[in-house]
Amino acid sequence: HGENIPAILIKKGNTYIIDPEKANNLNYWREYVLWIIYDYKKFKDLDECNKKIKKSDFIYSGCRITRQFGGLIKMLLKLFNEHNWLIFKFKAVPNGWWDEKDNILTYMNWLGKQLNYTQHNDWYKIKANDFNKNFGATLLINNNASPIKVIRTTFPEYEWLEWKFYSGVPLGFWENPSNCKKYLDWLCKQEKITDYNDMYKITREVIRSNKGGDLADKYNHVYNLLL
């Protein structure tokens, strides 16, 4: 890497080190970082850098990045504050980042755009793999690998119906009588059933065709749900 060496580096033996006299100049640091990104790592742009860069990529700077800036991400945010860095894309997200509600909402709004969701009901289509493929694996793990839990926690202002999610209801959901009643109330509205005596119209086939498959298998007839 002997060509076009950034001005902040000075020769020391067979290697280079950060010049102490230039170490406090952000312009020199910016030049050095751009050299690492484009000349050394050959990233095509800052977005690719966002996804792939690691602290170990910064040859010659030793532990100075941590000492001077408080870490890789803080350095990039300071040197390139005009760029829209997406923290969740970094290989090493700061400790506790996924614990902040605002950060989770930022990520979820971004994810919704990536998945072309335009209304809150679109979230019923979410799959675990949508998180895993889009930098959200940690968020999913933090929520017991349950997309439903992520959605309910992030958007509590909406009433979510668990049986409408692509992933299906959580394990043991139908064991809770209140969940069964909630589903039946919803199903009656769907089927326009207003009279208790019309409940006989709700067959296992009706339940299955209205996203209640596991419930249909659990009870032989809707009257068993009403006991």
Side-chain angles (χ1 to χ4, degrees), residues 43-55 71-73 76 84-187 189-190 204-219 225:
F43 294 147
K44 67 178 185 291
D45 53 29
L46 291 180
D47 287 329
E48 185 179 6
C49 167
N50 197 164
K51 291 182 283 189
K52 297 181 178 179
I53 199 72
K54 306 185 298 293
K55 186 182 172 186
L72 170 62
I73 296 176
L76 293 171
N84 181 31
W85 297 101
L86 299 175
I87 304 299
F88 51 82
K89 282 190 176 184
F90 283 107
K91 281 186 173 293
V93 172
N95 286 338
W97 193 87
W98 286 111
D99 297 331
E100 298 293 330
K101 288 183 178 180
D102 287 347
N103 294 341
I104 293 172
L105 188 58
T106 295
Y107 169 76
M108 292 296 286
N109 287 334
W110 174 85
L111 180 61
K113 290 177 182 176
Q114 296 300 114
L115 299 174
N116 295 314
Y117 291 173
T118 57
Q119 54 187 357
H120 82 274
N121 280 342
D122 287 334
W123 287 107
Y124 283 121
K125 298 182 285 189
I126 195 77
K127 301 185 285 292
N129 208 34
D130 292 326
F131 291 98
N132 295 329
K133 291 194 302 185
N134 289 284
F135 312 98
T138 300
L139 178 61
L140 193 62
I141 291 169
N142 289 351
N143 286 273
N144 306 118
S146 168
I148 296 177
K149 188 175 180 183
V150 176
I151 302 305
R152 290 177 66 96
T153 304
T154 308
F155 306 112
E157 65 271 26
Y158 299 110
E159 181 186 6
W160 298 102
L161 305 176
E162 288 84 352
W163 53 87
K164 293 181 72 174
F165 280 95
Y166 175 88
S167 57
V169 299
L171 196 64
F173 181 81
W174 297 123
E175 303 297 329
N176 187 331
S178 64
N179 290 337
C180 298
K181 183 181 185 307
K182 180 181 172 184
Y183 172 78
L184 280 177
D185 289 344
W186 172 83
L187 183 57
K189 289 178 183 176
Q190 297 297 112
R204 293 172 73 180
E205 288 68 33
V206 170
I207 292 174
R208 280 202 189 91
S209 64
N210 282 276
K211 303 180 183 297
D214 293 343
L215 183 63
D217 295 334
K218 186 172 176 59
Y219 297 93
L225 290 168

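The CD atom of Glu157 sits 9.0 Å away from atom NE2 of His120, with the distance rounded to the nearest 0.5 Å. Residue Leu46 holds its CG atom at 8.5 Å from CG of Leu76, rounded to the nearest 0.5 Å. If you take CD1 on Ile151 and CG on Asn143, they are separated by 9.5 Å, rounding to the nearest 0.5 Å. With rounding to the nearest 0.5 Å, the separation of CD1 in Ile207 from CD in Glu205 is 9.0 Å. Taking CG from Asp47 and CG from Leu86, the interatomic distance works out to 7.5 Å, rounded to the nearest 0.5 Å. Atom OG of Ser167 sits about 13.5 Å away from atom NZ of Lys149, to the nearest 0.5 Å.
Residues meeting the salt bridge (charged side-chain N to carboxylate O under 4.0 Å, His left out) test with Lys91, sequence neighbours left out: none. Taking the side-chain hydrogen bond (donor to acceptor under 3.5 Å, both in side chains) definition, one finds that Asn210 meets it with Glu191, sequence neighbours left out. The salt bridge (charged side-chain N to carboxylate O under 4.0 Å, His left out) search around Asp130 returns none, not counting sequence neighbours.
Annotation for Lys127 and Pro147: closest pair C-CG, 4.2 Å, computed over non-hydrogen atoms. Nearest heavy atom pair, residue Gly168 against residue Ile148, reads O-CD1, 3.2 Å. In terms of heavy-atom proximity, Ile73 sits nearest to Val93 at CD1-CA, 4.5 Å. The heavy-atom pair separating Leu139 from Phe131 by the smallest distance is CD2-CE2, 4.2 Å.
If you check the side chains of Ser146 and Asn144, you find no donor sitting under 3.5 Å from an acceptor.
Classified by interplanar angle (parallel below 30°, tilted 30° to 60°, perpendicular above 60°), the ring pair Trp160/Tyr124 is perpendicular. Taking the six-membered ring for Trp and thresholds of 30 and 60 degrees, Trp123 and Phe155 have ring planes inclined between 30 and 60 degrees apart.
Two residues are said to be in side-chain contact when any heavy atoms from C-beta on lie closer than 4.5 Å; Lys113 and Tyr117 fail this criterion. No side-chain heavy atom of Tyr158 sits under 4.5 Å from any side-chain heavy atom of Arg152. Counting heavy atoms from C-beta on, the side chains of Asp45 and Glu48 come closer than 4.5 Å. In this structure, Phe90 and Cys49 have side chains that are not in contact, with every pair of non-hydrogen atoms separated by 4.5 Å or more. Counting only heavy atoms from C-beta outward, the side chains of Thr138 and Phe88 never approach each other to under 4.5 Å.
Aromatic rings of Tyr183 and Trp174 (six-membered ring for Trp) have centroids within the 6.0 Å cut-off, being under it. Under the 6.0 Å cut-off for aromatic ring centres, Trp186 and Trp163 qualify, their centroids lying closer than that.
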Is there a side chain to side chain contact (heavy atoms under 4.5 Å, CB included) between Ile126 and Leu111? Walk through the geometry before answering. CA-CA 10 Å; Ile126 195 77; Leu111 180 61; 4.2 Å; yes

Would Glu159 and Lys182 count as a side chain to side chain contact (heavy atoms under 4.5 Å, CB included) if you check the C-alpha gap in whole Å, the side-chain angles of each, and the deciding distance to 0.1 Å? CA-CA 11 Å; Glu159 181 186 6; Lys182 180 181 172 184; 3.9 Å; yes

Side chain to side chain contact (heavy atoms under 4.5 Å, CB included) between Tyr107 and Thr154, worked out: CA-CA 10 Å; Tyr107 169 76; Thr154 308; over 6 Å; no

Please walk me through it: do Asn132 and Leu140 pass side chain to side chain contact (heavy atoms under 4.5 Å, CB included)? CA-CA 8 Å; Asn132 295 329; Leu140 193 62; 3.9 Å; yes

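Distance alone, capped at 3.5 Å, places no donor-acceptor pair between the Asn103 side chain and the Trp98 backbone. In this structure, Thr153 contributes its side chain and Val150 its backbone to no donor-acceptor pair below 3.5 Å. Between the side chain of Asn176 and the backbone N or O of Ser178 there is at least one donor-acceptor pair closer than 3.5 Å.
Salt bridge status for Asp185 with Lys181: present, with a side-chain N to carboxylate O gap under 4.0 Å.
Geometric assessment of Lys125 against the ring of Tyr166 yields a negative cation-pi assignment under the 6.0 Å and 45° thresholds.
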